[in-house]
Colleague: 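So that we are looking at the same thing, I have put the structure below in structure tokens.
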Amino acid sequence: MPVVELPAAFSRYRDEIEQELRSVLAERDSPFYRMLRYQLGWVDDKGQPVQSAGGKRLRPVLCLLTCEALGADRRKALPATAALELVHNFSLIHDDIQDGSPERHHRPSVWWVWGPAQAINAGDAAHALGRLALFRLPDVGASQEQLRRALRLLDEAALRLCEGQYLDMAFQERMDVTVDAYMEMARGKTGALMSCSLALGALLAGGDEAQVEAAGRAGMALGLVYQMHDDVLDLWGERPGEATGGDILTKKKSLPIVYALEKGTVKQKRELGTLYFKRTLEPPDVARVAAILDEVGACAAAQKMAERHFNEAMEHLHSLPLSESGRREFEEVGRFMLERTA
């Protein structure tokens, strides 16, 4: 499968986002903040500068793209991009601890280097710094009402994110998880902050309440696209139809697994239950779970659901007064989220 290239918006906004993030941390010179600079991809575990190993900065990109597509100067939203990325990384640091994941972006995760206790401190600091970053909004022309609304949007998103993470973890020990329950989890774990990204972009572009809400609904749908396609990648990588393990070993109730639990035959459901109640899954168990997923068409079903939510996101975006170039770029970014290979 050919690699899906990052849309142009990512490279266009990257330097501005990085500069804003770095400025938030510029005066934080305690060794404590080395963990955050490491998480953001700026330094190694000794504090030495490295070529960026950070993420795509997807949420900041969506925020700036929304602001610019609505006809405003994207610099009005730059403080919000730092807030979004820091809150996102708060969740990633804690998620790695909760999942016991030793790696993030192809290098040791923060907890693996500094231990779980210090990583919890780093995650909490990222959350606090994210909120503080929003207080830079008046410096770029935001009103006090916009600041108040932005803080509320960010805090509500962070709370929903934690609720979604709670459900994701709780589902690991349950076999009665439905597709509807999965959707509730995904709306919190991934959708909430993605929704906040577009809503903040619309708010800081001067949009009215209806536009902010429409942007938020588009972001929620894009978040579901991202999570659903992520589930497919975790199980099948770049080869749909050839399951490689991924979430099976960790017993995550990702969308394809939940689909099989809901749509499979009585025999398939019983077999999945027997396998998932084992303390540890062996390679033959993983192969059998993968075979059941293939039997029920779970990969194709998950991709179809993601496509449906992509179309929903585009419908919400079309209700906004976006520039033509902005519409095209949202289509490109949405397609990337639906078809990416990593």
Colleague: Whether the D15 and Q19 side chains hold a donor-acceptor pair (N or O, under 3.5 Å, no angle test) is what I'd like checked.
Modeller: no
Colleague: I'd like to know if K267 pairs up with E295 as an ion pair, taking the criterion as any Lys NZ or Arg NE/NH1/NH2 lying under 4.0 Å from an Asp or Glu carboxylate oxygen.
Modeller: no
Colleague: Which word best sums up how the rings of H127 and F90 line up, parallel for under 30°, tilted for 30 to 60°, or perpendicular for over 60°?
Modeller: parallel
Colleague: With a 4.0 Å cut-off, would you call K253 and E173 a salt bridge?
Modeller: no
Colleague: State whether E329 and R12 are salt-bridged, where the test is any N-O pair (Lys NZ or Arg NE/NH1/NH2 against Asp/Glu carboxylate O) under 4.0 Å.
Modeller: yes
Colleague: So for atom OH, which belongs to Y166, do other residues, nucleotides or ligands contribute more than 12 heavy atoms lying within a distance under 6.0 Å?
Modeller: no
Colleague: Can you see whether E315 engages N311 through a side-chain donor-acceptor pair at a distance of less than 3.5 angstrom?
Modeller: no
Colleague: Under the 6.0 Å and 45° cation-pi test, does R340 pair with Y226?
Modeller: yes
Colleague: Looking at Q268, is its backbone amide N or carbonyl O close enough to the side chain of T265 to form a donor-acceptor pair, meaning the two atoms are under 3.5 Å apart?
Modeller: yes
Colleague: When you check the gap from the basic side-chain N to the acidic O, do D99 and K252 get nearer than 4.0 Å?
Modeller: yes
Colleague: Closer than 4.0 angstrom, basic N to acidic O: yes or no for D176 and R174?
Modeller: yes
Colleague: Side chains of D230 and Q227 only: does a donor on one sit below 3.5 Å from an acceptor on the other?
Modeller: no
Colleague: Could you tell me whether F10 and F336 have their ring centroids closer than 6.0 angstrom?
Modeller: yes
Colleague: Without hydrogens or angle criteria, can the side chains of H318 and R327 be said to hold a donor-acceptor pair below 3.5 Å?
Modeller: yes
Colleague: Tell me whether R187 forms a cation-pi arrangement with Y182, defined as NZ or CZ under 6.0 Å from the six-membered ring centre and within 45 degrees of its axis.
Modeller: no
Colleague: Checking Q146 side chain against L203 main chain: does a donor-acceptor pair fall under 3.5 Å?
Modeller: yes
Colleague: I'd like to know if E271 and R288 make a salt bridge, using a cut-off of under 4.0 Å between side-chain N and carboxylate O.
Modeller: yes
Colleague: Does this structure show an ion pair linking R149 with E209, if we count only N-O contacts that are shorter than 4.0 Å?
Modeller: yes
Colleague: Taking all heavy atoms of V296 and all of A260, pick out the closest pair and write down the distance.
Modeller: CG2-CB, 3.8 Å
